Chemist: 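Sharing a structure below in structure tokens format, with a few things to ask.
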Amino acid sequence: ATPASVSVPEATNGISSSEASDGVEVLVTLPSDAVAGDVITVSIDGGTPVTHTVTAAEVAAISTPITVTLPQSAISAAGEGAATITTTVTDSSGNVSPAITTNVTIDTVAPGTASATPASVSVPEATNGISSSEASDGVEVLVTLPSDAVAGDVITVSIDGGTPVTHTVTAAEVAAISTPITVTLPQSAISAAGEGAATITTTVTDSSGNVSPAITTNVTIDTVAPGT
């Protein structure tokens with residue numbers, strides 16, 4: 001018989017906080033000799049297992065993966081870092097298939113949270129309002145990385161909910177972690193925000209999809225010269 005197979009799409013880049021919050025789906029494709037009444041058992045790091053009894057309809061559609069969800073409590077119990085999901089199929093006689101192990105990484109901590117120093121943001125050109133000349137070549141947003149930043153993290157900056165600008169952090173930037181990184185909002189973004197008060201929003205997202213708390217910077221756009 002063709003053995004069972006397992007995939008965990010949400011674990012591709014690490015299991016993030018949002019992915020863990022509603023449980024992590026484990027997709028199990030049945031072995032070719034499965035029958036109704038077989039029991040799929042899934043656990044992570046030896047924690048409380050989740051079981052699913054196979055139905056006749058699932059056997060009839062044997063190539064369609066069955067979803068078994070590990071709850072948030074199981075992910076939390078496994079803790080941060082490397083973990084192993086173990087899947088077996090047991091028949092009505094008690095025979096247990098060879099265990100299928102799937103290595104995953106749990107990363108539910110957003111950059112700049114927990115014990116890390118958070119990111120910080122400054123917009124020097126906005127000190128006395130963003131003028132026409134300052135907006136013309138884009139407005140520089142200076143982002144100092146959180147202390148736990150790593151290469152591959154993504155800085156996202158937008159103004160008043162407009163089209164965001166992203167920057168992927170490099171190893172060299174992490175090595176010089178106290179040096180601010182310049183992310184430039186283009187003139188089009190400033191124009192779209194319009195005259196007057198506006199808010200620049202900055203986040204840092206890690207490779208697992210965890211997003212740091214948003215940093216908001218209030219600015220004033222004043223591109224109209226007196227008497228015009």
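Worth saying up front: this structure is predicted, and the values here are computed from it rather than measured.
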Chemist: With Thr55, which residues qualify under side-chain hydrogen bond (donor to acceptor under 3.5 Å, both in side chains), at least two apart?
Modeler: Glu58
Chemist: Show me the pairs that pass side-chain hydrogen bond (donor to acceptor under 3.5 Å, both in side chains) and involve residues 200-209, at least two apart or across chains.
Modeler: Asp107-Ser208, Asp206-Asn210
Chemist: What pairs with Val39 under side-chain contact (heavy atoms from CB on, under 4.5 Å), at least two apart in sequence or on another chain?
Modeler: Thr41, Thr51, Thr53
Chemist: At their closest point, which heavy atom of Ser43 faces which heavy atom of Gly47, and how far apart are they?
Modeler: CB-O, 3.6 Å
Chemist: Please name the pair of heavy atoms, one in Pro146 and one in Pro111, separated by the smallest distance, quoted to 0.1 Å.
Modeler: CG-CB, 3.9 Å
Chemist: Taking transitive links into account, so neighbours of neighbours count too, which hydrophobic residues share a cluster with Ile215 at under 4.5 Å side-chain distance?
Modeler: Val121, Val123, Ile130, Val139, Val141, Val143, Leu145, Ile155, Val157, Ile159, Val165, Val169, Val174, Ile177, Ile181, Val183, Leu185, Ile190, Ile200, Val204, Val219, Ile221
Chemist: Leu27: which other cluster members, linking ILVMFWY side chains closer than 4.5 Å, directly or transitively?
Modeler: none
Chemist: Only counting residues at least two apart or in another chain, list the ones meeting side-chain hydrogen bond (donor to acceptor under 3.5 Å, both in side chains) with Glu140.
Modeler: none
Chemist: Partners of Ser18 by side-chain hydrogen bond (donor to acceptor under 3.5 Å, both in side chains), sequence neighbours excluded?
Modeler: Ser16
Chemist: What's in the same ILVMFWY side-chain cluster as Val96, cut-off under 4.5 Å, chained through other members?
Modeler: none
Chemist: With sequence neighbours excluded, what pairs up with Ala176 under the side-chain contact (heavy atoms from CB on, under 4.5 Å) test?
Modeler: Thr179
Chemist: Give the minimum heavy-atom separation between Ala56 and Ala36, together with the two atoms involved.
Modeler: N-CB, 3.7 Å
Chemist: According to the side-chain hydrogen bond (donor to acceptor under 3.5 Å, both in side chains) rule, which pairs have a member within residues 67-80, sequence neighbours left out?
Modeler: Glu80-Thr108
Chemist: Side-chain contact, heavy-atom cut-off 4.5 Å: Ser120 with Pro118?
Modeler: no
Chemist: Using every non-hydrogen atom in the two residues, find where Thr113 and Pro213 come nearest and quote the distance to one decimal.
Modeler: CG2-CD, 3.5 Å
Chemist: List in chain and number order the residues that pass side-chain hydrogen bond (donor to acceptor under 3.5 Å, both in side chains) with Asn218, two or more places apart in sequence or in another chain; answer none if no residue qualifies.
Modeler: Thr199
